[in-house]
2 protein chains.
Amino acid sequence: MVLRIKDTDRIRDLAFFRTASDEIFDEAVSGAFLQRFPAGTTLLMEGDTVDFLYVLLDGAVELGAGWKSRDSTLAILKPVSTFILAAVVLDSDALMSAVTLERSELLMIPGESLRRAMKSDPAFGFAVSQELAGCYRGLVRSIKNHKLRDSTERLANYLLTQRARQGGNDTITLPHEKRVLASLLGMTPENLSRAFSKLSAQGVAVDGAKVRFDKVQALERYARPSPLIDNHFPQGESQLGKAHTERQQGVLDAL
Amino acid sequence: MVLRIKDTDRIRDLAFFRTASDEIFDEAVSGAFLQRFPAGTTLLMEGDTVDFLYVLLDGAVELGAGWKSRDSTLAILKPVSTFILAAVVLDSDALMSAVTLERSELLMIPGESLRRAMKSDPAFGFAVSQELAGCYRGLVRSIKNHKLRDSTERLANYLLTQRARQGGNDTITLPHEKRVLASLLGMTPENLSRAFSKLSAQGVAVDGAKVRFDKVQALERYARPSPLIDNHFPQGESQLGKAHTERQQGVLDAL
DNA sequence: AGCGTAGCTTGATTAATGTCAAGGCGACGA
DNA sequence: TCGTCGCCTTGACATTAATCAAGCTACGCT
């Protein structure tokens with residue numbers, strides 16, 4: 001499948017492509033192609049050699065890992081996000097598996113093209129460094145979230161983050177099934193239910209995928225969100241429209 | 001304090017400096033200075049603005065984070081390691097605190113110099129990207145270690161990693177106090193003790209900081225180390241002598 | 001409408017980990 | 001030599017989360 005003009009436009013606005021010249025951009029995405037996958041498709045297994053940088057344009061992708069019969073969700077990506085950038089830069093194997101949660105549309109950029117562009121244009125290389133640094137910091141936040149908070153606190157902060165991202169209203173819609181959310185928050189579906197019950201004391205009312213906040217202040221007092229862990233950017237813009245300051249990109253949903 | 005010739009030599013061999021030309025190297029470290037700190041010095045608090053890339057030349061540094069009266073060790077660095085590279089690249093604030101565990105010697109490189117060098121030389125920029133990508137992957141490993149293994153399994157794998165790094169003999173010396181080790185492994189000192197007791201069934205015998213392995217096979221069967229989580233590079237070389245393939249750098253000890 | 005299934009919830013139980021309290025052991029100094 | 005202090009260990013207990021087992025509910029299907 002050949003890449004059409006309009007396909008590249010959809011990623012031209014990504015943080016680390018935005019500043020690149022047209023020449024460098026063309027070099028970086030040369031050989032890229034667009035592909036659609038049904039829900040539940042395994043794009044990549046941990047340990048696989050990584051030949052492409054993936055860009056999720058539509059749908060949702062879960063990054064996970066397993067060991068000894070256990071497995072865990074590390075992040076859930078929404079458009080527009082790149083993933084396995086680190087493995088591409090190092091031309092190394094994947095440390096995480098990637099599975100589509102919904103029917104998804106992905107742009108696959110040959111790793112070799114990307115690396116070549118990085119080596120030929122310092123500005124582009126720097127932009128990729130910034131992207132990587134942002135991903136790194138997202139992971140640091142994720143680790144802090146898990147090591148410093150118990151499951152109910154993680155849920156409370158997740159809800160506040162969603163609220164901020166969905167416009168700060170008193171009602172939000174959970175973007176995933178509850179069992180997926182549970183895995184993302186590092187708990188079982190059973191415990192997620194119980195955590196929601198506990199938060200009813202803070203005015204959290206759940207009805208299906210809708211969550212209503214009746215006592216936001218009480219919830220905030222309980223959750224104690226921190227700019228050093230959570231990513232409350234107080235702006236209602238689209239994901240695409242962000243400046244190329246620190247982006248949470250992939251790991252964004254993992255908080 | 002002015003940087004002397006021999007001081008720069010000590011970092012010239014760092015993964016992302018080794019490939020740089022002398023000119024770029026000089027540009028990157030311009031304005032750098034060397035400083036000694038006693039044990040227990042706070043070099044950086046989370047939230048602080050980061051002006052320097054730190055390079056630990058001697059001693060030991062703990063990276064940690066806190067929230068709501070809890071706090072946690074994220075990594076313990078040994079020479080030669082850089083830290084807070086991501087914050088420097090983004091010219092952003094620190095997400096972790098850094099405290100010296102011992103009397104330590106640090107080289108502090110102005111962030112501005114580093115960023116300028118990255119922007120002027122694509123090869124150097126690429127090398128920094130590789131370093132960042134390695135750090136990222138180290139964190140992914142750390143998250144997997146914590147989410148997929150219980151505390152005893154983490155200890156067992158830590159011991160095997162140390163064994164590999166200390167030459168594969170049947171006896172190792174723990175590099176840190178046990179309470180520091182406990183924090184690093186994400187558990188309390190009490191539980192570390194109990195985890196050691198459990199591992200006696202796998203032939204682990206502890207005497208102070210010395211640990212003897214009487215049944216390595218049994219331990220390996222229990223720990224099930226994985227190249228996708230642990231960093232068992234089967235080579236007895238010095239940390240400095242590594243090729244600039246993926247380095248674990250800072251996060252190395254966090255496994 | 002009648003059923004079946006998937007996802008969610010609830011309760012009871014077990015496992016893992018943290019907390020509190022007490023005691024041992026060794027290093028160091030008076 | 002004897003305290004003393006820090007670190008480690010051990011035991012009893014509390015808290016947190018995972019597991020197991022029903023049941024519930026909404027939705028799709030025939």
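Naming convention: chains lettered A, B, ... in sequence-line order (proteins, then strands); numbering from 1 in each chain.
Heavy atoms only, all atoms of each residue included: B/Thr100 and B/Ala39 are closest at OG1-C, 3.5 Å. Of all heavy-atom pairs spanning A/Ala87 and B/Arg137, the tightest one is CB-NH1, 3.5 Å.
Distance B/Phe196 CZ to D/dT10 P: 12 Å, rounded to the nearest Å. Distance, A/Arg154 CZ to D/dT16 P: 12 Å, rounded to whole Å. Note: CD (B/Glu177) to P (C/dA27) measures 14 Å, nearest angstrom. Look at CG on A/Asp207: it is 15 Å from C1' on C/dG7, rounded to the nearest Å. Taking atom NZ on B/Lys178 and atom C1' on C/dG26, their separation rounds to 12 Å, with Å as the unit. Between the C1' atom of D/dA17 and the NZ atom of B/Lys147 lies a distance of 14 Å, rounded to the nearest Å. B/Asp150 has its CG atom 12 Å from the P atom of D/dT19, to the nearest Å. Atom NE2 in B/His146 sits roughly 18 Å away from atom P in C/dA16 (whole-Å rounding).
Residue A/Ser151 has a polar side-chain atom (N or O) positioned under 4.0 Å from OP1 or OP2 of D/dA17. Between C/dG18 and B/Thr188, a contact under 4.0 Å exists linking OP1 or OP2 to a side-chain N or O.
Set against C/dC20, D/dC7, D/dA18, the side chain of A/Arg194 has D/dA18 as its closest nucleotide. The side chain of B/Asn191 lies closest to C/dT17, out of C/dT17, D/dA12, C/dC8.
Screening B/Leu101, B/Leu174, B/Leu185 for a side-chain contact (heavy atoms from CB on, under 4.5 Å) involving B/Val180 leaves a single residue, B/Leu101.
Evaluation of atom-type donor-acceptor distances gives a pair under 3.5 Å for the side chain of B/Glu190 against the base of C/dC20.
B/Lys215 places none of its side-chain heavy atoms less than 4.5 Å from the side chain of B/Gln202.
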